[in-house]
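Reminder, nothing fancy here: chain letters follow the sequence lines and each chain counts from 1.
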Protein chains: 2
Amino acid sequence: MPAEPSQAAGRVTISEVAAEAGVGRATAARTLGGYGHVSPELRQRVLAAAEKLGYRANALARSMSTGVSHTIGVIVADIGNPFFAGLVGGVCDASRARGFDTIVLSTYEDLDEEVAATNVLIDKRVDGMIIASAAVSGREVGHVKEALKRGVPVVLVDRAIPALDLDAVVIDNRDAAREAVERLIAAGHRRIGFVWGPSMTQPPATRRELLAAAARNLWTDGERLRGYLDALDDARIPFDPELVMVGRKVEERATEEVARMLALPNRITALFCTETEAMTGALRALRAARLSYPRDVSLIGFDDSAWAAVMDPPLTMIEQPVHGLGAKAAEVLLDIVQGAEAGRETHTLRSRLIVRSSVGPPPGA
Amino acid sequence: MPAEPSQAAGRVTISEVAAEAGVGRATAARTLGGYGHVSPELRQRVLAAAEKLGYRANALARSMSTGVSHTIGVIVADIGNPFFAGLVGGVCDASRARGFDTIVLSTYEDLDEEVAATNVLIDKRVDGMIIASAAVSGREVGHVKEALKRGVPVVLVDRAIPALDLDAVVIDNRDAAREAVERLIAAGHRRIGFVWGPSMTQPPATRRELLAAAARNLWTDGERLRGYLDALDDARIPFDPELVMVGRKVEERATEEVARMLALPNRITALFCTETEAMTGALRALRAARLSYPRDVSLIGFDDSAWAAVMDPPLTMIEQPVHGLGAKAAEVLLDIVQGAEAGRETHTLRSRLIVRSSVGPPPGA
DNA sequence: CTGTTAGCGCGTTCAC
DNA sequence: GTGAACGCGCTAACAG
């Protein structure tokens with residue numbers, strides 16, 4: 001098998017195809033690129049030559065001249081977390097359906113990592129990016145503005161950034177939390193613990209202090225906390241700082257804090273958990289205290305899963321449209337990429353309270 | 001603000017930086033690209049100009065001339081699945097640490113999608129790819145060979161392909177399954193159900209038929225089944241085709257099949273579940289039959305999670321190093337990308353049986 | 001050490 | 001309809 005040009009690494013170029021077909025590069029490019037007009041005859045010759053040589057377009061080169069990479073980026077806290085995994089799945093599926101591929105970057109809630117991630121995506125000339133940002137204040141959004149300034153469309157997902165007037169795809173965390181806590185209140189509870197939320201080193205002395213802390217933390221955490229307070233307010237239940245968790249958001253800490261709330265003289269009779277590990281941490285504390293739900297304490301948590309449904313008793317949970325969040329974000333982004341005006345609006349998807357059997361009346365009732 | 005060249009979309013090129021600094025393109029390229037030698041003086045001038053203009057290298061153009069994209073691809077069944085999410089997290093983290101980014105593609109176990117995915121990655125000129133392939137037979141690996149032929153290194157993860165002599169990063173599924181089933185046997189069980197595995201439409205009449213079906217299905221499923229049989233054989237427990245699940249691998253089906261096994265005259269006293277949803281499906285069947293574990297039936301499952309630990313009683317589970325699988329695969333791949341010889345070996349990571357409280361003696365004992 | 005020049009592979013005017 | 005020639009932004013030989 002002699003003389004075949006660059007058979008080497010199977011890297012066949014359009015010129016080689018043209019040569020094989022006996023036509024000019026442009027003709028080959030036109031038929032292979034699917035643009036312009038080519039006579040049926042030459043067209044066939046080119047196609048045959050491409051087939052024979054095993055030609056595959058070099059997307060990089062194509063991007064070079066067209067300026068579009070058909071690639072988007074998605075930046076989340078942790079792709080290993082089932083919530084973000086589902087969300088990223090939605091992004092990948094929706095973008096793939098429209099001919100785009102997805103680069104995934106995890107930041108582990110580190111703002112510097114997030115900045116680095118946007119730079120990577122800018123450098124790789126993605127056509128747009130989706131960010132579940134850890135940024136909260138107006139000073140932390142420089143990297144997002146930078147991307148925008150460089151012509152890379154951005155849509156926010158899961159977490160809105162009030163300081164930024166951008167398209168965002170979220171659920172109504174505040175309302176979902178309020179509904180859950182209302183449910184607890186309706187069952188007769190007045191001592192309701194809030195597990196997980198804005199991370200604080202000090203217990204908040206006042207409600208104002210709590211909200212201030214929330215403003216320095218993740219948007220979702222703040223919203224869920226506000227929903228909790230909303231429900232309390234509506235029912236005229238005074239806010240008790242002792243009933244909110246303080247410290248790092250890790251399962252162990254949730255266990256400790258719930259244990260503390262359980263040891264209070266006037267102890268909690270219900271718990272609202274804002275995340276999976278807040279719930280599992282709480283469950284550990286209950287077991288350690290030899291308490292059971294919903295008899296001793298009622299439970300509602302965020303992020304439903306197959307496990308929550310098979311717990312005994314099954315857990316009442318808030319289900320988020322994880323896949324939908326990502327898919328919608330991709331749709332909105334690609335609409336912009338493909339010419340639509342950036343809507344700069346907040347798209348709110350519906351969450352759903354799945355009522356099972358972890359809520360009952362408080363012990364005394 | 002007049003006359004600034006292509007201030008337009010912030011798309012500053014290296015030539016503009018060179019002009020601003022009053023040096024040749026090459027000098028600018030050398031300092032900005034971090035290669036070759038440049039005098040400290042000019043170096044400073046270039047850096048200042050780049051800073052002033054907000055220069056960012058175009059990774060696409062760079063890839064064009066260097067031939068490396070600093071991007072790898074990872075192909076899995078479903079990024080939304082916590083197992084693959086963790087695995088992909090490992091890939092992303094490990095590759096990012098070495099300056100590479102990751103494109104993620106889900107195939108939903110569809111071989112055509114898998115082929116399409118490899119093509120996408122080839123076209124985008126990734127430097128390598130990691131695949132958890134749905135391919136089993138030698139005829140289904142054309143796309144993998146194609147990638148290899150085109151010079152794109154491939155490493156397999158989670159699932160080996162015996163027909164292919166490639167680097168693979170896996171756990172010893174067979175051994176892990178055997179250990180779990182042995183544990184059940186040691187507790188006195190002889191009627192042990194196998195939930196989830198090679199999907200079959202017909203119940204296997206014989207053991208031979210079962211193994212034949214396994215050969216047409218996912219590698220992991222076959223291995224876990226073999227481990228189950230190994231343990232049975234060692235204990236001289238005859239294989240009973242009625243104790244293996246038949247049908248599609250969905251939670252509902254697991255529930256139905258476990259219900260069936262529970263209704264058998266000589267019913268099961270233990271269950272080995274090979275995946276999360278096989279376990280949750282089984283749990284649903286137990287509840288429906290008003291049976292509890294480990295009193296009525298003992299349980300061991302694959303893929304540990306925070307939920308499994310807070311079940312009551314907590315579940316004995318096999319923990320896979322999900323993040324580690326992905327990270328190791330990325331390491332092996334990047335070693336090859338960066339010049340190492342493809343080892344063509346199977347790297348086996350350790351899984352771990354986490355003993356909790358879902359195994360007890362059989363009811364009669 | 002520095003600047004000039006030639007590609008990388010493809011899209012795209014512009015004459016033929 | 002078709003083909004030659006130029007440009008995308010960068011790296012890498014090659015001279016100076």
Side-chain angles (χ1 to χ4, degrees), chain A residues 5-6 8-46 49-50 53-70 122-127 150-151, chain B residues 5-6 8-47 49-50 53-71 122-127 150-151:
Chain A
S6 72
R11 243 70 179 183
V12 183
T13 77
I14 213 166
S15 307
E16 300 181 76
V17 174
E20 173 75 26
V23 302
R25 321 167 188 288
T27 305
R30 275 191 277 264
T31 86
L32 263 14
Y35 57 91
H37 286 210
V38 179
S39 74
E41 241 187 271
L42 293 191
R43 183 181 175 67
Q44 277 314 313
R45 295 231 308 266
V46 172
L53 266 36
Y55 170 79
R56 300 229 101 232
N58 182 332
L60 256 36
R62 184 168 284 175
S63 298
M64 272 290 1
S65 39
T66 61
V68 308
S69 61
H70 282 278
I122 289 173
D123 292 352
K124 292 231 160 128
R125 296 301 190 262
V126 295
D127 297 327
R150 290 178 188 272
Chain B
S6 71
R11 242 74 180 182
V12 183
T13 76
I14 211 166
S15 308
E16 300 180 79
V17 175
E20 173 76 26
V23 302
R25 323 167 182 288
T27 305
R30 275 191 277 263
T31 85
L32 264 12
Y35 59 92
H37 286 211
V38 179
S39 73
E41 239 187 273
L42 293 191
R43 183 180 175 68
Q44 277 315 313
R45 294 230 309 266
V46 172
L47 257 23
L53 266 36
Y55 171 80
R56 299 230 102 232
N58 182 332
L60 256 37
R62 183 169 285 172
S63 299
M64 259 320 335
S65 40
T66 59
V68 308
S69 62
H70 282 278
T71 304
I122 289 172
D123 293 352
K124 292 230 160 129
R125 297 300 189 263
V126 296
D127 297 328
R150 289 177 188 273

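- Two residues are said to be in side-chain contact when any heavy atoms from C-beta on lie closer than 4.5 Å; Val46(A) and Val23(A) meet this criterion.
- Look at CZ on Arg25(B): it is 12 Å from P on dA6(C), rounded to the nearest Å.
- Taking only side-chain nitrogens and oxygens, Thr27(A) comes nearer than 4.0 Å to OP1 or OP2 of dG3(D).
- With rounding to whole Å, Lys124(B) atom NZ is found 15 Å from dC10(C) atom P.
- Regarding Leu42(B), its CG atom lies at a distance of 6 Å from the P atom of dG3(C), rounded to whole Å.
- Note: CD1 (Ile14(B)) to P (dA12(D)) measures 11 Å, nearest angstrom.
- Distance from the side chain of Thr13(B) is smallest for dG9(D) among the nucleotides dG9(D), dC10(C), dT2(C).
- Summary of the strand contacts: Gly24(A) and Ala57(B) both lie near DNA chain D, and taking for each the nucleotide with the nearest heavy atom, the more 5' one is attributed to Gly24(A).
- For Thr66(B), no side-chain nitrogen or oxygen approaches OP1 or OP2 of dC8(C) to under 4.0 Å.
- Comparing Tyr55(B) and Arg30(B) by the nucleotide of DNA chain D whose heavy atom lies nearest to each, the residue mapping closer to the 5' end is Tyr55(B).
- Note on Ser63(B): every side-chain N or O is 4.0 Å or more away from OP1 and OP2 of dC8(C).
- Residue contacts for Ala18(A): at a heavy-atom cut-off of 4.0 Å it reaches no nucleic acid atom on any strand shown.
- Arg125(B) has its CZ atom 19 Å from the P atom of dT11(D), to the nearest Å.
- Atom CZ of Arg56(A) is separated from atom C1' of dC8(C) by 19 Å (rounded to the nearest Å).
- The nearest whole Å value for the distance from the CE atom in Met64(A) to the P atom in dC10(C) is 13 Å.
- One N or O on the side chain of Ser69(A) and one on the backbone of Arg125(A) form a donor-acceptor pair closer than 3.5 Å.
- Look at CZ on Arg11(A): it is 15 Å from C1' on dC10(C), rounded to the nearest Å.
- Closest contact between the side chain of Ala26(A) and the listed nucleotides dT12(C), dG3(C), dG1(D) involves dT12(C).
- Note on Leu60(A): nothing from the nucleic acid sits closer than 4.0 angstrom, heavy atoms only.
- Between the side chains of Thr71(B) and Lys124(B), not a single donor N or O lies within less than 3.5 Å of an accepting N or O.
- When all heavy atoms of Val38(B) and Arg43(B) are compared, the closest pair comes out as CG1-N, 3.8 Å.
- Using a distance-only test at 3.5 Å, with no hydrogens or angles considered, a donor-acceptor pair links the side chain of Arg45(B) to the main chain of Ala21(B).
- Projected onto DNA chain C by closest heavy-atom contact, Ser65(A) and Arg43(B) fall at different nucleotides, the more 5' of which corresponds to Arg43(B).
- The phosphate of dT11(D) has OP1 or OP2 within less than 4.0 Å of a side-chain N or O from Arg62(B).
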